[in-house]
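Here's the structure, in structure tokens; my notes come after.
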Amino acid sequence: HEFRTKQLNIFTIDDSKRWISADAVKNHLLPFTIEKEDFEGKRPQCALSFDLSVIDDFSCVGYTFFNQPTKQFLVYLDYYLPEDTLKGHTNEELYRGWVEGGYLKLTKGSAIDYRQIANDILQRAAWLDIRRCGYDANKSAELRNTLDNSKELHGRLEPFRQSNGGYNIPMEIFERM
């Protein structure tokens, strides 16, 4: 199962090891965008996170908001993939559909363009109140330095270890929800 998913890029489901069902996820999905106009002139607080790739994987930037009246966390994700990686990819047709639907952003060239990701983040940071930014330190030096040198995010970046220890307590809390 793991070999097919990670090495061959063939998505499989092993029901004996399923942690969260697809139905449980679908039941919690809400339509949500983060366009400036959606917030009626307010500067909403959020947390930022990112996990970066280089060539043949997705990079992801997450914006997490807490809706006080409903006591819900709302998460908006931007996914990035190098344009050259898409050409001839096993999932090219699927990924092109995601691009057309606005779910995936392509960066120019054969590697992730961290400047494009930084520009997207900083454009939003001009009208969002980003309180903190957690990130996977792996492959992050260029983007981390760019963001930390900006007036919007200076001093707000914190590395997060993607390990069992890093996820243990948050996942226990999540499972109790």
Side-chain angles (χ1 to χ4, degrees), residues 6 9 25 28-68 70-86 89 95-96 98-171 173-174:
K6 301 292 185 189
N9 204 23
V25 172
H28 288 86
L29 293 178
L30 301 170
F32 180 61
T33 62
I34 58 168
E35 300 305 320
K36 188 175 183 178
E37 307 79 52
D38 296 336
F39 295 99
E40 302 168 358
K42 296 176 185 164
R43 192 161 186 247
Q45 291 182 354
C46 72
L48 176 72
S49 58
F50 59 85
D51 184 10
L52 302 176
S53 63
V54 179
I55 297 171
D56 60 353
D57 197 4
F58 297 111
S59 288
C60 183
V61 177
Y63 300 84
T64 303
F65 302 82
F66 182 68
N67 184 323
Q68 187 66 38
T70 64
K71 306 284 190 232
Q72 292 177 308
F73 285 97
L74 302 171
V75 180
Y76 185 86
L77 302 172
D78 281 328
Y79 289 98
Y80 299 84
L81 186 73
E83 191 172 56
D84 291 353
T85 298
L86 183 62
H89 192 282
Y95 293 171
R96 285 201 186 280
W98 292 352
V99 170
E100 291 168 14
Y103 303 109
L104 176 62
K105 297 180 179 190
L106 297 179
T107 66
K108 298 279 186 216
S110 60
I112 288 289
D113 182 353
Y114 301 126
R115 290 169 304 192
Q116 179 180 339
I117 295 174
N119 288 338
D120 288 355
I121 291 170
L122 293 173
Q123 284 178 356
R124 286 191 174 131
W127 56 269
L128 291 174
D129 182 6
I130 299 174
R131 307 305 296 219
R132 287 185 152 170
C133 175
Y135 63 95
D136 179 4
N138 189 29
K139 305 174 192 122
S140 69
E142 181 181 342
L143 182 58
R144 182 194 66 232
N145 290 339
T146 299
L147 297 177
D148 199 38
N149 286 321
S150 71
K151 67 179 192 258
E152 295 88 355
L153 291 170
H154 179 71
R156 296 182 186 194
L157 282 82
E158 299 176 25
F160 177 82
R161 288 198 134 194
Q162 292 198 38
S163 65
N164 288 340
Y167 284 112
N168 191 20
I169 292 173
M171 289 301 99
I173 293 168
F174 178 75

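Note: hydrogens, waters and symmetry copies are ignored here, and every other heavy atom, side chains too, is used.
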Within the structure provided, determine whether [X] and [Y] are in side-chain contact (heavy-atom separation under 4.5 Å).
X      : Y     : answer
Tyr95  : His89 : yes
Ile112 : Ile55 : no
Ile121 : Asp78 : no
Leu77  : Tyr79 : yes
Trp98  : Leu81 : no

Which value, rounded to the nearest 0.5 Å, describes the distance between [X] atom [atom1] and [Y] atom [atom2]?
X      : Y      : atom1 : atom2 : value
Gln123 : Leu128 : CD    : CG    : 11.5 Å
Ile34  : Leu74  : CD1   : CG    : 11.0 Å
Arg124 : Ile130 : CZ    : CD1   : 9.5 Å

Could you tell me which non-hydrogen atom of [X] sits nearest to which non-hydrogen atom of [Y], and how far apart they are?
X      : Y      : answer
Glu83  : Lys108 : OE1-CD, 3.9 Å
Ser110 : Thr85  : O-OG1, 4.1 Å
Val54  : Pro82  : O-CG, 3.9 Å

Item to check | Salt bridge present between Asp120 and Lys105 (N-O < 4.0 angstrom) | outcome: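 Lys105 and Asp120: salt-bridged.
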
Among residues at least two apart in sequence or on other chains, which ones pass salt bridge (charged side-chain N to carboxylate O under 4.0 Å, His left out) with [X]?
X      : answer
Asp113 : Arg115
Arg43  : none
Arg144 : none
Asp136 : none

Checklist entry - Applying ring pair (Phe, Tyr, Trp, His ring centres under 6.0 Å), which residue pairs with at least one partner in residues 103-130 are found, sequence neighbours left out? => result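 Residue pairs passing ring pair (Phe, Tyr, Trp, His ring centres under 6.0 Å), neighbours aside: Phe39-Trp127.
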
Checklist entry - What residues, two or more places apart in sequence or in another chain, satisfy ring-ring contact (aromatic ring centres under 6.0 Å, His included) together with Phe50? => result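 Per chain and number, Phe50 pairs via ring-ring contact (aromatic ring centres under 6.0 Å, His included) with Tyr135.
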
Next on the checklist: Closer than 3.5 angstrom, by distance alone: can the side chain of His154 be matched with the main-chain N or O of Asn149 as a donor-acceptor pair?
Outcome noted: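 Side chain of His154 to backbone of Asn149: no pair is present.
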
Next on the checklist: Donor-acceptor check, side chain of Arg132 to backbone of Leu48, threshold 3.5 angstrom: yes or no?
Outcome noted: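 It does not hold such a pair.
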
Please tabulate, for side-chain N and O atoms in residues 57-65, each donor-acceptor pair with protein atoms closer than 3.5 Å (sequence neighbours left out).
{"from": "Ser59", "atom 1": "OG", "to": "Ser53", "atom 2": "N", "distance (Å)": "2.8"}
{"from": "Ser59", "atom 1": "OG", "to": "Ser53", "atom 2": "OG", "distance (Å)": "2.9"}

Checklist entry - Can you name the side-chain hydrogen bond (donor to acceptor under 3.5 Å, both in side chains) partners of Gln116, sequence neighbours left out? => result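 Expected list: none.
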
Checklist entry - Thr33: what forms a side-chain hydrogen bond (donor to acceptor under 3.5 Å, both in side chains) with it, not counting sequence neighbours? => result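 Counting only residues at least two positions away or on another chain, Thr33 forms a side-chain hydrogen bond (donor to acceptor under 3.5 Å, both in side chains) with Asp38.
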
Mind checking side chain to side chain contact (heavy atoms under 4.5 Å, CB included) for [X] and listing every partner two or more places apart, or none if nothing turns up?
X      : result
Ser150 : Leu122, Glu152, Leu153
Gln68  : Phe66, Lys71
Lys151 : none

